[in-house]
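When a ligand or atom number is given, it counts from 1 through the structure's own listing order.
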Amino acid sequence: MKKFTALISIFLIFFICGCANREYSKVEFLMDTVVEIKVYHNNKAEAQEAIDSSMEEMRRVEQKMSSFFPGSEVFRINKEALLEEKKGPLSAEQWIPVSNELFSLLKESVHLSQLTRGTFDITIYPLWKIWKFKGENPEVPGKGEIERVLKFVNYGGMILKDGKISFAKKGMGIDLGGIAKGYAVDAAVKILKKKNIKSAMVNAGGDMYVLGRKQGRLWRIGIRHPRREGEILGTIEVEDEAIVTSGDYERFFFSGGKRYHHIINPKTGYPADECQSVTIVAKEAAFADGLATGIFVLGPKKGMALIENLEGVEGVIVNKEGDVSTSSGLVSKIKYVN
Ligand code: ADP
Ligand code: MG
């Protein structure tokens, strides 16, 4: 009898191990950042195929939404808007056709602008161009130059109708840098779900989504400390949720002892200086991405009030002094370091 029980146990152990989900992952440099996709699955070939397809999907999104890739749809729109500029103001005949996919994202961007009182604004493009954060030696643009382009930044002047876009003023354009990474994460997760993956994490340089649970447990996600490199503020435990952080430490330069970073206040034309970082937890990464950027500009008080008002949205804000505030629904899910 003892032998029989032992045999059964051995069989059970083999059975459980054979079916157990293993971790498969891949890291690539995409969208100007390190992208990691991690999957827990019981079939190696299926897991790897799902990871490859979702990486490919993120690359597709990047090539469509980047305002820097000549050949991307956004690049083409900005170029056409400029060409039209030379001919005179856009008229009804000069609407630029937009793909369904981009059109939806443009509409979502407008929705985010409305929620954030215009602090999230993809018509930031002309400002973004003169700040040249991506260049070799970024420097602060002249005051006059900022003032000159500020009048082209206003989401209200981006007109969307019947799958087409037009701009109210000559010189306007769009940059989706504040939402495209999140959108790419959502797109990757859709592919993973389609491929029957139940447990995964997609992380595009701090913009992430966790699908299901990790080996039966909630995912424990670290929130980066905005001032101490390599350290975390704390961890949150979540499942089926996007966690997206906008911080002033992602891309910046110092000039005259002042930090100039890549999240611009569309009203002033200068980097927003009310926060060090904003983390948003929500059901969709695109929404969380845009909201984090907008709230970063909106500031800690109005920002937290907005988070508390939005159903299914939680967040952590670190203000410019480094003080941390946590939304009510996150208090029980977050563990701060010391
Ligand atoms: P990260 O790229 O570090 O995740 P964000 O999601 O906050 O950061 O996005 C910053 C990017 O969004 C900038 O690189 C720029 O392309 C764009 N951007 C900057 N300021 C704004 C703004 N106020 N509204 C919308 N997009 C912005
Ligand atoms: Mg963002």
Undergrad: Taking the hydrophobic residues Ile, Leu, Val, Met, Phe, Trp and Tyr, and joining any pair whose side-chain heavy atoms are under 4.5 Å apart, which ones share a cluster with Phe29?
TA: Val27, Val34
Undergrad: Can you sort out which atoms of ligand 1 are near Pro266, meaning under 4.0 Å from one of its heavy atoms?
TA: 23 (N)
Undergrad: Answer yes or no: is there an ion pair linking Arg76 with Glu80, defined by an N-O contact shorter than 4.0 Å?
TA: yes
Undergrad: Just how far is it from atom CD1 of Ile243 to atom OG1 of Thr279, taken to the nearest 0.5 Å?
TA: 9.5 Å
Undergrad: Starting from atom 12 (O) of ligand 1, find the nearest protein heavy-atom neighbour and note its residue, name and distance.
TA: Gly178 N, 2.9 Å
Undergrad: Short list, please: which atoms of ligand 1 are under 4.0 Å from a heavy atom of Phe120?
TA: 24 (N), 25 (C)
Undergrad: Is the NZ or CZ atom of Lys170 positioned over Phe167's six-membered ring, under 6.0 angstrom from the centre and within 45° of the axis?
TA: no
Undergrad: Classify the contact between Phe296 and ligand 1 as side chain, backbone, both or neither, using a heavy-atom distance cut-off of under 4.0 Å.
TA: neither
Undergrad: Considering heavy atoms of the protein only, find what lies nearest to atom 23 (N) of ligand 1 and give residue, atom and distance to 0.1 Å.
TA: Ile264 O, 2.8 Å
Undergrad: Check if Ala292 has a non-hydrogen atom at a distance under 4.0 Å from any atom of ligand 1.
TA: no
Undergrad: Could you check atom 24 (N) of ligand 1 against the protein and tell me its nearest heavy-atom contact, residue, atom and distance included?
TA: Asp121 N, 2.9 Å
Undergrad: May I ask you to decide if Ala285's main-chain N or O and Asp186's side chain share a donor-acceptor pair within less than 3.5 Å?
TA: yes
Undergrad: Can you pull out the closest protein heavy atom to atom 15 (C) of ligand 1? Residue, atom name and distance to 0.1 Å, please.
TA: Asp175 OD2, 3.3 Å
Undergrad: Quick check for you: to the nearest 0.5 Å, what is the distance between Lys38 atom NZ and Ile51 atom CD1?
TA: 10.5 Å
Undergrad: Quick test: of every protein heavy atom, which one is nearest to atom 6 (O) of ligand 1, and how far off is it to 0.1 Å?
TA: Asp289 OD1, 2.8 Å
Undergrad: Distances under 2.8 Å only: what protein N/O/S atoms are near the Mg ion (ligand 2), ordered by chain and residue?
TA: Gly178 O, Asp289 O, Asp289 OD1, Thr293 OG1
Undergrad: Who gets closest to atom 22 (C) of ligand 1 by heavy atom: Thr119, Ile263, Ile174?
TA: Thr119
Undergrad: CD1 of Ile295 to CD of Glu274: how many Å apart, nearest 0.5 Å?
TA: 13.0 Å
Undergrad: For atom 7 (O) of ligand 1, what is the nearest protein heavy atom, given as residue, atom name and distance?
TA: Ser246 OG, 2.6 Å
Undergrad: So which of Asn203, Val244, Thr245 actually passes side-chain contact (heavy atoms from CB on, under 4.5 Å) with Met208?
TA: Asn203
Undergrad: Could you label the plane-to-plane angle of the His261 and Phe296 rings as parallel, tilted or perpendicular, counting under 30° as parallel and over 60° as perpendicular?
TA: perpendicular
Undergrad: Is it the case that ligand 1 has an N or O less than 3.5 angstrom from some N or O of Thr293?
TA: yes
Undergrad: Check step by step if side-chain contact (heavy atoms from CB on, under 4.5 Å) holds for Leu211 and Lys193.
TA: CA-CA 9 Å; Leu211 174 67; Lys193 283 183 179 167; 3.6 Å; yes
Undergrad: Between Leu192 and Val185, is there shared hydrophobic-cluster membership here, with clusters defined by ILVMFWY side-chain heavy atoms closer than 4.5 Å?
TA: yes
Undergrad: Rounded at 0.5 Å granularity, tell me how far OG1 in Thr326 sits from CG in Leu233.
TA: 9.0 Å
Undergrad: Looking at atom 13 (C) of ligand 1, what's its closest protein heavy atom, distance included?
TA: His262 O, 3.4 Å
Undergrad: Above 12 or not: heavy atoms from other molecules or residues under 6.0 Å from CZ of Arg227?
TA: yes
Undergrad: Got the closest protein heavy atom to atom 4 (O) of ligand 1, with its distance?
TA: Lys181 NZ, 3.1 Å
